[in-house]
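Start at 1 and go down the list; that is how both ligands and their atoms are numbered. Scope of the values below: all heavy atoms of this structure, side chains included, with no hydrogens, waters or symmetry mates. These figures come from a predicted structure and were not determined experimentally.
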Amino acid sequence: MKQIGHFIGGEHVAGKSGRTTDVFNPATGEVEAQLAMADGSELSAAIENAKAAQPAWGATNPQKRARVMMKFVELLNRDMDKLAEALSREHGKTIPDAKGDVIRGLEVAEFCIGAPHLLKGEFTEGVGPGIDIHSVRQPLGVVAGITPFNFPAMIPMWKFCPAIACGNAFVLKPSERDPSVPIMLAELMIEAGLPAGILNVVNGDKEAVDGLLDHPDVMAVGFVGSTPIAEYVYARGCANGKRVQCFGGAKNHMIVMPDADMDQAADALVGAGYGAAGERCMAVSVAVPVGEDTADRLVEKLVPRVESLKIAPSTAGDDVDFGPLVTKDAYARVKGYIDKGVEEGADLVVDGRGFSMQGYEDGFFIGASLFDKVTRDMTIYKEEIFGPVLSIARAANYEEGIDLAMSHEYGNGVAIFTRDGDTARDFTSRINVGMVGVNVPIPVPIAYYTFGGWKRSGFGDLNQHGPDAFRFYTRTKTITSRWPSGIKEGADFSIPTMN
Ligand code: NAD
């Protein structure tokens, strides 16, 4: 059986705690590997390595740090097929989607090549007699990232690329469900020229997370995962005086106006609702057609599309629409939600529960499900399902549609499909959601903008990637200098002002 340990100080390190967890191939249901779960001493070793390596890295000029990112991008491209294959084997997503996972991270690495420019400070000459002022952005020291299973390449890179480009050392605690790719990424960073100890990967569960949150040498923590854990990490990290940003769950609505192109809207919903088996924080999980006629037309377009989706292991070819769910628990949770939706009176138009694949009976596959006439009091509307289940919540008019999205506790992504500029403009201005699409179902901002949800989808005041990442992983120092040329003023006991 393959054993996966940690990556500390530039080397593979076997787990010592004696605790392990199984890593599955979700398509076959078979155990692929045993993953070590770190204890406090293993975590401390990683933090100590990072702390020892960081000062020299922080003092390395930003151009040289950027060159490591440049080489890393080249290596990601070289190993794209290998990374996608490993990712898909543990996660279950299709190969093209797995490549997308890597590429979305790679794009942030590309953005980080701009570190020398992004880290420039400010300077004002002559703020007083002989006095200049300037500010610099300095790294924090050792920082940590805790990441979810659903993007095992992209989200670790969203965290460690900017942190490292800023001159920090990083400890990554990736998801225990698909741990191979994060370690492969760390190996590539070393091959790209990163000094040992600057990027460490420690595998584990709550024990490792708590260790990071409580360790005095960890200066900042970036988390992505479900909302209850995001809230916990935020509260505990902040209570320990750390800089913390946490991104949580989602329930993304897509409003379909009567004037929308219904084929385009249905295609968008099928891709955004069922891609990656719905295991995306930017998946559309609620379609909101405005008006009964729009709803009827949309359902008519959706049903044949949903029924004909190709569900198979990623090894079945590039035309697979989506693969299995990540674990048996995820399968049971999603099936439980579908049962609950039926029980609470929603109209199950397409039922994915009976799906089975010959030769893969033990895999964690579930078919695509479509609910119509879902209302705001239902559990399947209120909670994140994180599976291939799309709910249609009919709205009588635009105001009711926008109110649905605005009243929901989550505020990660949202979209509107319309051909009317006035409606789109009103929508983008009023909606209380962090990432908004107009005729774009998955409005994931590109690398040089920032990514983050509102309401219970995001905690902390800076977003991921883009310029915010450079603010999050640095602190500003402001220096006032005086070079008096013969000015003698004597002691001054009042606060300096510009008067
Ligand atoms: P999760 O919350 O179960 O796990 C996330 C991380 O937290 C993992 O590293 C895990 O080991 C750790 N963890 C789990 N339980 C813990 C506990 N009790 N104490 C401390 N740490 C714990 O999330 P997941 O199932 O891996 O990922 C899916 C979730 O992530 C969904 O809710 C999805 O919406 C969300 N997500 C959000 C974004 C975003 O940017 N907002 C992006 C991707 C995924």
Notebook entry, point to check: Should N150 be counted as touching ligand 1, given the test is an N or O pair under 3.5 Å?
Noted result: no

Next item on the list: Check whether more than 12 heavy atoms from other residues, nucleotides or ligands sit under 6.0 Å from atom CZ of F355, and answer yes or no.
Entry: yes

Notebook entry, point to check: Where the closest heavy atom to atom 2 (O) of ligand 1 is concerned, which of G225, A250, S226 has it?
Noted result: S226

Check: Which value, rounded to the nearest 0.5 Å, describes the distance between F472 atom CZ and T450 atom OG1?
Finding: 13.0 Å

Note to self: Given E32, which partner from the list K2, R177, R89 fulfils the salt bridge (charged side-chain N to carboxylate O under 4.0 Å, His left out) test?
What the structure shows: R89

Check: Is there any ring-ring contact (aromatic ring centres under 6.0 Å, His included) pair reaching into residues 168-192, and which pairs are they, with sequence neighbours excluded?
Finding: none

Check: Heavy-atom contacts under 4.0 Å between R177 and ligand 1: side chain, backbone, both, or neither?
Finding: side chain

Notebook entry, point to check: Between F151 and ligand 1, which residue portion shows a heavy-atom distance shorter than 4.0 Å: side chain, backbone, both, or neither?
Noted result: neither

Show the atom names and distances, to 0.1 Å, of all donor-acceptor pairs under 3.5 Å that link a side chain in residues 143-166 to residues at least two apart or in another chain.
from : atom 1 : to   : atom 2 : distance (Å)
N150 : ND2    : E279 : O      : 3.3
W158 : NE1    : R104 : O      : 3.4
K159 : NZ     : Q464 : OE1    : 2.8

Next item on the list: Return yes or no for this condition: an N or O of T147 is under 3.5 Å from an N or O of ligand 1.
Entry: yes

Note to self: Ignoring hydrogens, what is the shortest heavy-atom contact between R394 and E400? Give both atom names and the distance.
What the structure shows: O-OE2, 3.9 Å

Checklist line | Closer than 4.0 Å: a protein non-hydrogen atom to atom 7 (O) of ligand 1 | finding: yes

Next item on the list: Report yes if E176 has an N/O atom closer than 3.5 Å to an N/O atom of ligand 1; otherwise report no.
Entry: yes

Notebook entry, point to check: How does P174 reach ligand 1, by side chain, by backbone, by both or by neither, if only non-hydrogen atoms under 4.0 Å count?
Noted result: backbone

Next item on the list: From the options G453, G248, G413, select the one whose nearest heavy atom is closest to atom 41 (N) of ligand 1.
Entry: G248

Notebook entry, point to check: Below 3.5 angstrom, do we get any N/O pair linking F149 and ligand 1?
Noted result: yes

